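In what follows, chains are A, B, ... by sequence order, proteins preceding strands, each numbered from 1. Everything numeric in this text was worked out from a predicted model, so none of it was measured.
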2 protein chains.
Amino acid sequence: MPARRQANGSSESIDNYLKAILTLGGPQEIRVTSTALAERLSVAPASITNMLQKLAAAERPLVEYERHRGVRLSSAGKKRALEVVRHHRLIETFLYQVLDYPIEEVHEEAERLEHFISERFEERIAAKLGHPQIDPHGHFIPTMEGHMPQQASIRLTEVLAGGTFVIHSVDDRDARTLRELEANGIKPGAKLKLKPRTPTEACSVNIGRSAKPFDLSRAMAADIRIVPVEKN
Amino acid sequence: MPARRQANGSSESIDNYLKAILTLGGPQEIRVTSTALAERLSVAPASITNMLQKLAAAERPLVEYERHRGVRLSSAGKKRALEVVRHHRLIETFLYQVLDYPIEEVHEEAERLEHFISERFEERIAAKLGHPQIDPHGHFIPTMEGHMPQQASIRLTEVLAGGTFVIHSVDDRDARTLRELEANGIKPGAKLKLKPRTPTEACSVNIGRSAKPFDLSRAMAADIRIVPVEKN
DNA sequence: TCCGATGTTTAGGTATACCTAATAAATAGG
DNA sequence: CCTATTTATTAGGTATACCTAAACATCGGA
Ligand SMILES: [Mn+2]
Ligand SMILES: [Mn+2]
Ligand SMILES: [Mn+2]
Ligand SMILES: [Mn+2]
């Protein structure tokens, strides 16, 4: 079936590949391996190779691909990926703020709709929301021109020394974890005191100004990104 | 490509077939011919036959189909069709009232999004709008349970006798005509005086309480449905 | 440096939803 | 009532996006 193609010669499937490459490539746009993509997209490695070859061979290629050496986005691919991420995060913000969705349900809906809204829809919800720069999980929303600030935050699990932090963002993909995080006051902007620990120990944190420490599960800790604060 | 399937074993394509059969079958649920469907969906007749056979052969068939004798919706098919029409009209109302879309642009966006929103999204926009019963073109919005009132209206082109009418609804599919209609004050609820005419004559109307008559183009007249009013 | 584990690609196949061209059924006109 | 036209179906083919299994590269150790 003629999978619905967007104007730019993209499709729902292609969009998802581009987004995955953007995310997995990270800020330095490291080459992404087939295995990493296969894992991320829950698709067989052979299917990944196929798609990457197609994307690289197109008239206006969306990726740079070399056999056995991974892929990177071309500038056209990066542009489209950021456009889709903008859609995703604007939709999440809209669902949360205008339609009163519970935080843990916005991601799934946005993951679908991001591929099907028009430029007008994008523009209208952005206007309705006052052109927001941050989504409900704390992630930056790319601008219409395709710019997105670097996240200066670090993973909570990478900090062993302890200290005081502000929560920058939470991962949006696992609804259960996200609901648990929110139920415990762990959301962007919240303050958090971390006890020093060894790599194998659980993370024990104080949220806000509560006196009793809270032990984060592995899943919860891995989904939190934080920024250090000077205490004053 | 695994065309996105909704929970009910439907898909964007199937949804559009079901909607077309609902509309073309009319209130009495007349059998719909392959040609009519081919025309409506801009798809080759052979493709229609193919799809109808598939839909009729399914475990839980969405249509009743007999070779050379057209199709009707099964009760499951009718249920789904009304669900999609509900999505469509709620989305149109939402785009118009909440996102301030121009009237002539809501249809195209709704035509796409109707297939991809969740039950939660449907429920949330319905709530936001106060559970509306009529969309911006004057069409009834099916209820959550799949009920939709009959339209008692008639086509403007069918009236030769003249008289005073209220505009019940306008067709939403042609953006240009719709914009023209709206620009001339022709929208649901507006009052309209029709001069008597012969079948070949153009329709000349007075809109609202304006004194100067307006000649409707064939396209415009065909897109208007009206209800007679007692003048008092 | 060769060897095997791991990762990647090729080869061949499926389902959806379209298409065109050829064929068959239904219907309408003489 | 029989044929010509219209309408519909069958047959065979395309593109997208997946899959599994088999073949092939790459790279880290021994
Ligand atoms: Mn998300
Ligand atoms: Mn997506
Ligand atoms: Mn519409
Ligand atoms: Mn549609």
Side-chain angles (χ1 to χ4, degrees), chain A residues 1-21 24 30-59 61-72 80 84 111-112 115-116, chain B residues 1-21 24 30-59 61-72 80 84 111-112 115-116:
Chain A
M1 70 312 249
R4 196 182 265 287
R5 324 208 107 259
Q6 344 295 95
N8 24 312
S10 212
S11 73
E12 179 178 10
S13 224
I14 293 174
D15 281 353
N16 286 334
Y17 279 79
L18 297 178
K19 265 204 320 178
I21 297 167
L24 296 173
I30 304 282
R31 269 204 246 278
V32 178
T33 65
S34 296
T35 319
L37 279 170
E39 164 78 3
R40 176 86 176 195
L41 296 171
S42 305
V43 155
S47 305
I48 301 289
T49 301
N50 244 270
M51 180 63 101
L52 295 182
Q53 289 175 343
K54 201 187 68 175
L55 296 181
E59 343 67 65
L62 292 165
V63 302
E64 290 164 24
Y65 164 76
E66 286 172 89
R67 287 179 70 208
H68 295 282
R69 332 187 83 253
V71 259
R72 302 173 20 149
R80 178 62 192 168
V84 179
E111 193 65 41
R112 244 179 306 113
H115 312 287
F116 305 113
Chain B
M1 72 313 248
R4 196 181 266 285
R5 322 209 107 258
Q6 343 295 93
N8 26 310
S10 211
S11 72
E12 179 177 11
S13 222
I14 292 173
D15 282 352
N16 287 333
Y17 279 78
L18 298 177
K19 264 204 322 178
I21 298 166
L24 296 173
I30 304 282
R31 270 204 244 279
V32 178
T33 65
S34 296
T35 318
L37 279 170
E39 165 78 3
R40 176 86 176 192
L41 296 170
S42 305
V43 156
S47 305
I48 301 288
T49 302
N50 244 271
M51 179 64 101
L52 295 182
Q53 290 176 342
K54 201 187 68 175
L55 295 181
E59 343 67 64
L62 291 164
V63 302
E64 291 164 24
Y65 165 76
E66 285 173 273
R67 288 181 64 200
H68 296 281
R69 331 188 82 253
V71 259
R72 302 172 19 149
R80 176 63 192 168
V84 179
E111 193 65 42
R112 245 179 304 114
H115 312 287
F116 304 113

With no hydrogens and no angle check, is any side-chain donor or acceptor of A/R31 less than 3.5 Å from a backbone partner on A/V71? no
Do A/Y65 and A/L55 pass the side chain to side chain contact (heavy atoms under 4.5 Å, CB included) test, and can you show the C-alpha distance, the side-chain angles, and the key distance before you say yes or no? CA-CA 9 Å; A/Y65 164 76; A/L55 296 181; over 6 Å; no
Given the options B/Q6, B/K19, B/K54, B/I14 meets side chain to side chain contact (heavy atoms under 4.5 Å, CB included) only with B/K54
Are the side chains of A/V84 and A/L18 in contact, using a 4.5 Å heavy-atom criterion? no
Any non-hydrogen side-chain atom of A/V63 less than 4.5 Å from a side-chain atom of A/I21? yes
Near-strand residues of residues 42-54 of chain A, defined as heavy-atom separation under 4.0 angstrom from DNA chain C: A/P45, A/A46, A/T49, A/Q53
Heavy-atom nearest pair, B/E111 first then B/H115, reads O-NE2, 3.0 Å
Check nucleotides 25-28 of chain C against the protein and report each pair of N or O atoms closer than 3.5 Å, with its distance, or say if there are none.
none

Distance, nearest 0.5 Å, that separates OH of A/Y17 from OG of A/S10: 12.5 Å
Is A/S34 close enough to C/dT9 that one of its side-chain N or O atoms is under 4.0 Å from OP1 or OP2 there? yes
Between B/T33 and D/dT7, is there a contact of a side-chain N or O with OP1 or OP2 at under 4.0 Å? no
Might you point out which heavy atoms bring A/A56 and A/P61 nearest each other, and give the distance in Å? O-CB, 3.5 Å
For B/Y65 and D/dT10, give me the distance from atom OH to atom C1', rounded to whole Å. 10 Å
A/L55 CG to C/dT9 P, in whole Å, measures 13 Å
Where is the tightest heavy-atom contact between B/A20 and B/L37, given as atom of each residue plus distance? CB-CD2, 3.6 Å
Here the distance between atom C1' of D/dT7 and atom CG of B/L37, to the nearest Å, is 13 Å
Atom CD of B/E66 and atom C1' of D/dT9: how far apart are they, to the nearest Å? 15 Å
How close or far is atom C1' of D/dT14 from atom CZ of A/R5, stated in whole angstroms? 14 Å
Expressed as a whole number of angstroms, how long is the span from B/L41:CG to C/dC19:C1'? 15 Å
